[in-house]
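Reckoned from all heavy atoms, side chains included, excluding hydrogens, waters and symmetry mates.
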Amino acid sequence: MAPFLGIEARGKGAGVRMQQSPIEHIVIAGGGTAGWMAAALLARFLPPPATAITLVESEEIGTIGVGEATVPLMCQFNGVLGLDEPDFVAQTQGTFKLGIEFRDWGTPGNVHFNGFGDYGDAIEGVSPHHYWLKLRSMGEAGPIEDWSMPYAAARRNRFAPPEAMAARGGEAAFYKYAYHFDAGLYARYLRRYAEARGVRRVEGRIEHVDTDEAGNVAALRLNGDRIVDGEFFVDCTGFRALLLGETLGVDFVDWSKWLPCDRAVTVGSARRDPLTPCTRSTAKSAGWQWRIPLQHRTGNGHVYASAFMSDDEATETLLAGVDGELLAEPRTVRFTTGHRRRFWEGNVVALGLAAGFMEPLESTAIQLIQTGLARLVELLPDRDLDPVIRDEYNRVTANEYARVRDFLIAHYCRSRRDEPMWRYCAAMEVPDELAHKLAVWEACGRVALLTEESYQEPSWASILLGNEILPRRWDPVVDQMAIDRLRGGLHQRREAIARVAERMPDHAAFVNAACKAPMAA
C-alpha cells in the first residue's frame, strides 16, 4: 500500500507551502465519512481561525455506509490526526483486519487470502513467490498463504500489533493491519475531533448552488433562506455530486463494461464468534458477498450485477449466507462503477462517492478518500486557483483510480466459474494496462507496476496465484539455489510464521482487553 503521501512527516500546525493569497474559507458540502474525514484533516493542517472551515450537512439526508472495512492506510491517516487507537477502535465498535479471505473465486471451492504483508524478504534479489513456484512444480509446496504472516494469524483468529511480536518473531513477524468499524460512528468520532478544532457545522439542506461570473461555485443556499459562501468547496454530497456534477457539469466515466456489478443489498446481523480478524468475500453466481465482523454486529452485503440476477434473488442469496440473527430489513443500493472525468473543477474538489465509486471488493472506498485528501493538502491552491495545480491533482487521481480498477478487474477476468456473469467477465477485453500486466506476469512471474499503484507486488501475486493464474516460468536465479537449501529455507519460514501466530492472543480477547466498546454504543 502506498504511503500516505508523506504528510505524516510534517509538524503540527504545518501542512501547506507559503502562499501569497491563501484561501480563507473552505466549505465542505455534505457530512458522512467523506465530509468529516475532510473536516478533520483540513483542521489538522489548516487550523482555524487562520482558515475558516464550514461543513454543511442535513440530518434529513442519509449516508451510505458500505465502507466498514479498511486498508492499512487507515492507520496512517489516524496517526496523522493523532488519534488514540484503543479509543478510536472502542468508540467505533471496531475490530482488527489482517486481510481478505476469498472463497469460491476463480472456481467453487477455491480459497485464497490477500494479506497485509508479503511472503518474506527477497532471496538473492528475487521475490519469494518465484521459489514457491519451483517447489510447486515439483509437487512439494502447499498454498502460498503458508508463507503469509497475516494469513497464519487470521486462520487461527489471532491478532496482536506487529510491534508486540517483532522481538519474538523477527522478520517472520512483519505485517500490517487495518480495521473494521462502523462508518457512521467513525463520522461522529471525527465530527467531535473537527469541531473541537474550530470546524463550524451548519445543519441544513442545500437547495441551490450559486456560481460567479467565472463559473466557480460562490455559495450554497440552504432551506430557510440561509446562505453559506466560501472560496473553495469540497463536494461530499454522495452519488449526486451536487457541486461537481450537477452544478459544474463534470460528466461521469462509466466502467461497468469491465465491472458489471451495479447493486448491493446489505443487512446487519448479530455478532457470531469467533471474531475473525479478516474480511470475507465469497463469490456468488452473479457477484460476491462480504462479511465484516464488528464488536456489536456483523456487516453483510451482496454485490451483484442486475443484468444477471433479480433484486429478489440477490436478497435471497444474501440472507442464505448470513450466519446470525438479522438486525434490520435488507437495504438495496444502486451504483455505477467509475468516476467523474475530473475530480477538481474550478474551485471544487469532490471526495468519496461524489468523486467516484469502486465496488468494495478490496475496501478501497475510504482509501480513495484518504489519498484524495492528502493530495489536496499537498496541492492546496491560493485564491488564484492555478490550473497547473488542478491538472496535476486530476492527473494523479485519475491514474490512481485506473490502477485500482485494474486490480479489481483482475479478480474477475480469468474466472473459470460457469455462470453467465462470470463467463462474461472471462470473455471481455480488459484495459490495455491490465492486459500488459497480465502478459508480463504470465511470461515471467513479475508484476509490471505503474505509477500511482495502490497495490504492490505481494497483493497482485496473492490474487493471481490464488486464482491459479500461473506464470509460464520462474526467475532463472531460482535454479542456482540447491534444492535442499530451497526446501529448508521455505520450511523454516513457514514454521517461524506458525510459531509467531501461535503466540498471539485470540482476536476477541485482544479487543476486549485493549479496546472494548462502551456498552451503550
Side-chain angles (χ1 to χ4, degrees), residues 1-2 71-72 98-103 105-107 110-138 140-155 171-172 174-178 278-279 281 361-364 403-416 430 433-450 452-479 481 486 489-490 493-494 497:
M1 187 61 57
V71 297
L98 291 166
I100 304 173
E101 180 188 63
F102 292 92
R103 295 186 177 184
W105 285 79
T107 188
N110 179 31
V111 178
H112 59 278
F113 193 84
N114 181 13
F116 298 142
D118 54 29
Y119 301 109
D121 288 340
I123 306 169
E124 301 294 337
V126 177
S127 297
H129 69 265
H130 288 272
Y131 295 86
W132 176 85
L133 285 167
K134 181 170 182 176
L135 282 187
R136 182 185 182 278
S137 73
M138 300 168 62
E140 297 184 19
I144 194 168
E145 287 85 1
D146 286 350
W147 286 269
S148 165
M149 186 67 239
Y151 177 69
R155 68 187 290 265
E171 185 267 331
F174 173 77
Y175 55 97
K176 297 179 181 178
Y177 66 92
C278 62
T279 304
S281 171
L361 180 57
E362 286 280 352
S363 309
T364 53
R403 306 297 177 257
V404 172
R405 174 203 66 194
D406 288 353
F407 188 58
L408 299 185
I409 296 172
H411 293 61
Y412 288 94
C413 67
R414 296 297 180 85
S415 177
R416 300 176 306 286
V430 301
E433 295 89 346
L434 176 57
H436 173 73
K437 196 169 282 182
L438 292 174
V440 171
W441 169 262
E442 292 178 316
C444 63
R446 293 189 178 274
V447 178
L449 295 174
L450 305 174
E452 286 80 49
E453 292 274 9
S454 295
Y455 297 90
Q456 300 304 303
E457 184 179 72
S459 291
W460 280 93
S462 70
I463 296 303
L464 297 176
L465 294 175
N467 281 289
E468 298 185 14
I469 305 172
L470 300 175
R472 292 189 290 273
R473 69 174 178 87
W474 50 82
D475 193 296
V477 170
V478 172
D479 293 325
M481 180 179 291
L486 173 56
L490 292 184
R493 175 170 171 79
R494 183 177 58 206
I497 284 172

Review point. Can you tell me if CZ on Arg494 sees more than 12 non-hydrogen neighbours from other groups inside 6.0 Å?
Key: yes
Sequence neighbours excluded, the answer for salt bridge (charged side-chain N to carboxylate O under 4.0 Å, His left out) partners of Arg473 is none
Sorted by chain and residue number, the ring pair (Phe, Tyr, Trp, His ring centres under 6.0 Å) partners of Trp441 (sequence neighbours excluded) come out as His129
Residue set satisfying side chain to side chain donor-acceptor pair (under 3.5 Å) with Glu140, at least two apart, ordered chain then number -> Arg487
The side chain to side chain donor-acceptor pair (under 3.5 Å) partners of Arg416 (sequence neighbours excluded) come to none
Quiz item: Going through the checks in order, is the side chain to side chain contact (heavy atoms under 4.5 Å, CB included) test met by Asp406 and Lys437?
Solution: CA-CA 9 Å; Asp406 288 353; Lys437 196 169 282 182; 5.5 Å; no
4.5 Å side-chain heavy-atom contact, Leu438 and Cys413:
yes
Nearest heavy-atom contact between Pro471 and Cys444 is CB-C, 4.3 Å
*Intermediate values then yes/no, side chain to side chain contact (heavy atoms under 4.5 Å, CB included), Val447 and Tyr455*: CA-CA 11 Å; Val447 178; Tyr455 297 90; over 6 Å; no
Side chain to side chain donor-acceptor pair (under 3.5 Å) filter on Thr364, not counting sequence neighbours, yields none
dist Lys134:NZ -> Asp479:CG (nearest 0.5 Å) comes out at 4.0 Å
Between His130 and Gly445 the two heavy atoms that sit nearest each other are NE2-O, 3.2 Å
| request: Can you label the angle between the Tyr412 ring and the Trp105 ring as parallel, tilted or perpendicular, going by 30° and 60°? | output: perpendicular
Can any side-chain N or O of Asp475 pair as donor or acceptor with the backbone N or O of Val477 at less than 3.5 Å? yes
(Q) Determine whether Trp460 and Phe407 satisfy the following criterion, ring-ring contact (aromatic ring centres under 6.0 Å, His included), listing intermediate values before the conclusion. (A) CA-CA 8 Å; Trp460 280 93; Phe407 188 58; 5.0 Å; yes
Contacts of Arg403 meeting salt bridge (charged side-chain N to carboxylate O under 4.0 Å, His left out) (sequence neighbours excluded), chain-then-number -> none
The reported gap from CH2 in Trp132 to CG in Leu465 (rounded to nearest 0.5 angstrom) is 5.0 Å
With a cut-off of 3.5 Å and sequence neighbours excluded, list every side-chain donor-acceptor pair involving residues 112-124.
| unit_1 | atom_1 | unit_2 | atom_2 | d |
| --- | --- | --- | --- | --- |
| His112 | ND1 | Asn110 | ND2 | 3.4 |
| His112 | ND1 | Gly466 | O | 3.4 |
| Asn114 | OD1 | Ser459 | OG | 3.4 |
| Asn114 | OD1 | Ser462 | OG | 3.2 |
| Asn114 | ND2 | Glu362 | OE1 | 3.2 |
| Asn114 | ND2 | Glu362 | OE2 | 3.4 |
| Asp118 | OD1 | Gly120 | N | 3.0 |

Check: Tyr151 and Ile144 side chains under 4.5 Å, non-hydrogen atoms:
no
Across all chains, not counting sequence neighbours, the side chain to side chain donor-acceptor pair (under 3.5 Å) partners of Arg493 are Glu171
Heavy atoms of Ala448 and Glu453 approach each other most closely as O-OE2, 4.3 Å
When rounded to the nearest 0.5 Å, the distance separating CD1 of Ile100 from NE2 of His411 is 6.5 Å
Closest non-hydrogen atoms of Tyr177 and Leu98, given as atom of the first, atom of the second and distance, are CB-CD2, 4.1 Å
Residue set satisfying side-chain contact (heavy atoms from CB on, under 4.5 Å) with Glu452, at least two apart, ordered chain then number -> Arg395, Val396, Asn399, Glu400
Fill in: Close side-chain approach of Phe102 and Leu361, heavy atoms under 4.5 Å
yes
Output for pair (Leu133 CG, Leu470 CG), nearest 0.5 Å, gives 7.0 Å
- Find out whether Ile497 and Pro150 are in side-chain contact, i.e. whether some heavy atom of one side chain is under 4.5 Å from a heavy atom of the other. no
Sequence neighbours excluded, the answer for salt bridge (charged side-chain N to carboxylate O under 4.0 Å, His left out) partners of Asp146 is none
The salt bridge (charged side-chain N to carboxylate O under 4.0 Å, His left out) partners of Arg414 (sequence neighbours excluded) come to Glu442
